[in-house]
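Inspection log for the structure reproduced underneath, given as structure tokens.
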Amino acid sequence: MRDRVHADWDPRDESVQQDQIAAYDDLRRRCPVAHSDYLHWSVLSHSEVRRILEDHSTFSSAVSRHLSVPNGMDPPEHGDYRRIIEPYFSAANMRDFEPRCREIARQLARELATEVELIGAFAQLFSLRVQCAFMGWPASLHEPLRQWTLKNHRATLAGDRAELAAVATEFDGYIRQLLDERRAQGEAAPDDATSRLLRERVRGRALTDEELVSLLRNWTVGELGTITASVGILAHYLAEHGELQRRLRLEPALLPAAIDEILRIHGPLISNRRITTREVDIGGRRLAAGERVSIIWASANRDEAVFGDPDAFRLDRDPADNLLYGAGIHVCPGAPLARLELRLVMEALLAATEQWSLLPGRTPLRARYPGSGFSELWLAVTPAR
């Protein structure tokens with residue numbers, strides 16, 4: 001017989017929202033596969049999350065009735081689009097983009113005030129500018145995209161389908177205008193990622209506008225939300241761990257491993273969705289076919305069964321255990337770009353300052369689901385001399 005489905009927790013309870021990471025830790029220890037009316041089945045343990053990632057025939061990514069390229073696709077369709085996307089994040093493309101990304105990071109770091117709200121005055125600006133630079137989009141899109149990101153977050157949190165539809169339509173308008181402009185320019189269009197996407201083909205045909213808009217929406221949401229959250233989490237952690245901040249200034253080669261470990265401790269992405277294709281037992285619970293499942297990354301990456309003390313900062317962990325960029329066929333194709341951006345932005349912050357710390361009297365405000373990290377983070381900054 002199936003489990004009687006009841007609510008094991010309420011993801012929107014204020015006690016959860018005040019500190020999502022601590023709430024997920026508590027839930028994982030007592031109920032590693034938990035049911036709620038809001039997130040349906042939440043999977044919080046590392047082993048069960050890995051199982052889901054490796055069994056896409058049972059746990060399908062085709063959750064939404066709306067097109068989602070390629071996040072919401074299963075094989076073989078997923079592979080057709082994935083082969084188009086991966087070359088954009090090649091080592092050669094990362095080398096080509098590195099100088100521009102470094103320039104953006106350094107300029108913003110040099111402009112930091114001695115007392116700064118880092119999320120709005122730095123992290124969001126960085127993620128917006130590097131996304132637009134990588135895609136070849138004009139600076140005039142910076143502010144509209146920033147406002148769109150905020151509206152998308154509010155609508156997602158509220159579960160307001162009408163508002164989500166309106167927000168999606170607004171984004172589609174920005175992208176369709178860019179695509180129309182590139183087509184009108186013909187051979188005179190700039191040779192950037194957006195123009196190259198217009199020339200891509202899948203199964204012998206050009207990508208439709210619907211596919212292009214979906215793909216670019218997924219790239220942009222991932223970039224703006226996750227990179228902004230990551231920069232805030234990294235800055236907050238180093239503000240609270242001054243000795244590590246000093247060490248990374250002296251040994252910047254440690255930054256890649258340190259960044260991945262800090263973001264394991266406090267994940268910048270809370271969850272992803274799947275749907276079951278058949279009846280399945282997982283974590284001691286029986287799920288019917290058609291059940292919605294939420295992978296809680298921010299919990300799985302803190303599972304004591306794999307990491308011991310989840311708050312212990314260690315640079316010698318096995319990178320294969322860290323699910324920061326996922327695993328399996330849906331591992332994040334943009335991971336090389338994210339790693340490049342985060343390394344360069346932290347290098348710039350450390351080089352432009354002697355130190356930073358939390359500003360007294362201004363308690364950091366934690367982000368609310370579906371966001372992670374901080375919605376407000378005030379720092380006291382000592383510029384480099």
Side-chain angles (χ1 to χ4, degrees), residues 11 16-25 39 42 44 46 49 53 71 89 101 105 118-120 122-128 130-131 146 149-150 152-153 156-157 218-241 244 255-273 294-303 307 310-311 313 317 319 321-327 330-346 349 364-377 379:
V16 175
Q17 294 302 314
Q18 286 177 359
D19 190 341
Q20 293 186 75
I21 303 301
Y24 302 147
D25 281 349
L39 293 182
S42 295
L44 298 106
H46 191 279
V49 165
L53 299 177
N71 307 36
F89 305 102
C101 185
L118 195 82
I119 305 303
F122 183 84
Q124 287 179 350
L125 298 180
F126 174 73
S127 64
L128 281 163
V130 294
Q131 170 68 2
R146 189 180 76 84
T149 302
L150 295 174
N152 186 59
H153 176 81
T156 303
L157 178 61
N218 283 331
W219 278 10
T220 304
V221 170
E223 173 74 18
L224 302 188
T226 309
I227 294 299
T228 296
S230 295
V231 172
I233 289 166
L234 293 166
H236 178 267
Y237 191 90
L238 294 181
E240 290 199 319
H241 297 82
L244 177 60
L255 267 172
I259 288 169
D260 279 9
E261 175 67 350
I262 293 168
L263 297 180
R264 178 200 64 77
I265 293 170
H266 187 162
L269 178 65
I270 296 296
S271 67
N272 277 142
R273 299 183 298 164
S294 295
I295 295 170
I296 308 296
W297 304 108
S299 169
N301 247 0
R302 292 176 54 82
D303 192 335
F307 301 104
D311 289 310
F313 176 90
R317 296 191 187 276
D321 290 332
N322 193 333
L323 300 177
L324 175 60
Y325 295 103
H330 284 282
V331 66
C332 179
L337 178 60
R339 286 194 163 106
L340 173 71
E341 292 171 352
L342 293 175
R343 174 175 62 83
L344 294 178
V345 76
M346 295 313 294
L349 279 173
L365 297 181
R366 293 182 179 270
R368 303 173 73 87
Y369 185 88
S372 186
F374 301 89
S375 58
E376 187 174 289
L377 178 64
L379 298 179

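These values consider heavy atoms only, across backbone and side chains, with no hydrogens, waters or symmetry-generated copies. Here the structure is a predicted model, which means the values were calculated and not measured.
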TODO: Mind checking ring-ring contact (aromatic ring centres under 6.0 Å, His included) for Phe89 and listing every partner two or more places apart, or none if nothing turns up?
DONE: Phe134, Trp219
- [ ] Could you tell me which residues satisfy ring-ring contact (aromatic ring centres under 6.0 Å, His included) with Phe374, sequence neighbours excluded, listed by chain and number?
- [x] His236, His266
Open item on the list: For a side-chain contact (heavy atoms from CB on, under 4.5 Å) check, start with the C-alpha distance between Leu349 and Leu234, then their side-chain angles and the critical distance, and finish with the verdict.
Closed with: CA-CA 11 Å; Leu349 279 173; Leu234 293 166; over 6 Å; no
Open item on the list: Tell me every residue that passes side-chain contact (heavy atoms from CB on, under 4.5 Å) with Pro319, counting only those two or more places apart in sequence or in another chain.
Closed with: none
TODO: Could you pull out all residues at least two apart from Leu365 that satisfy side-chain contact (heavy atoms from CB on, under 4.5 Å)?
DONE: Ser375, Glu376
- [ ] Report yes or no: do Tyr369 and Ser271 form a side-chain donor-acceptor pair below 3.5 Å?
- [x] yes
TODO: Could you check Arg339, Arg343, Arg317 and say which one makes a salt bridge (charged side-chain N to carboxylate O under 4.0 Å, His left out) with Asp260?
DONE: Arg339
How long is the span from the [atom1] atom in [X] to the [atom2] atom in [Y], to the nearest 0.5 Å?
| X | Y | atom1 | atom2 | value |
| --- | --- | --- | --- | --- |
| Ile262 | Leu342 | CD1 | CG | 10.5 Å |
| Leu323 | Cys332 | CG | SG | 13.0 Å |
| Asn71 | Arg273 | CG | CZ | 10.5 Å |
| Tyr237 | Leu244 | OH | CG | 6.5 Å |
| Asn272 | Ser294 | CG | OG | 9.0 Å |
| Tyr325 | Leu269 | OH | CG | 11.0 Å |

To check you understand the geometry: which heavy-atom pair defines the closest contact between [X] and [Y], and what is its length?
| X | Y | value |
| --- | --- | --- |
| Leu44 | Ser42 | CD1-O, 3.5 Å |
| Ala105 | Val345 | CB-CA, 3.9 Å |
| Ala229 | Ser372 | CB-O, 3.5 Å |
| Leu118 | Ala235 | CD2-CB, 3.3 Å |
| Gly232 | Ile119 | CA-CD1, 3.8 Å |
| Ile233 | Gly373 | CG1-CA, 3.6 Å |

Sequence neighbours excluded, which residues qualify as side-chain hydrogen bond (donor to acceptor under 3.5 Å, both in side chains) partners of [X]?
| X | value |
| --- | --- |
| His330 | Ser61, His78 |
| Arg146 | Glu143 |
| Glu341 | none |
| Gln131 | Thr220 |

Please name all residues satisfying salt bridge (Lys or Arg N to Asp or Glu O under 4.0 Å) with [X], sequence neighbours left out, ordered by chain then number.
| X | result |
| --- | --- |
| Asp321 | none |
| Asp303 | none |
| Arg264 | Glu261 |

TODO: Without swapping roles, check the side chain of Gln17 against the backbone of Pro11 for a donor-acceptor pair under 3.5 Å.
DONE: yes
Open item on the list: Are the side chains of Pro268 and Leu324 in contact, using a 4.5 Å heavy-atom criterion?
Closed with: yes
Open item on the list: Can you pull out every side-chain hydrogen bond (donor to acceptor under 3.5 Å, both in side chains) where at least one residue sits in residues 222-234? Sequence neighbours excluded, please.
Closed with: Ser127-Thr228
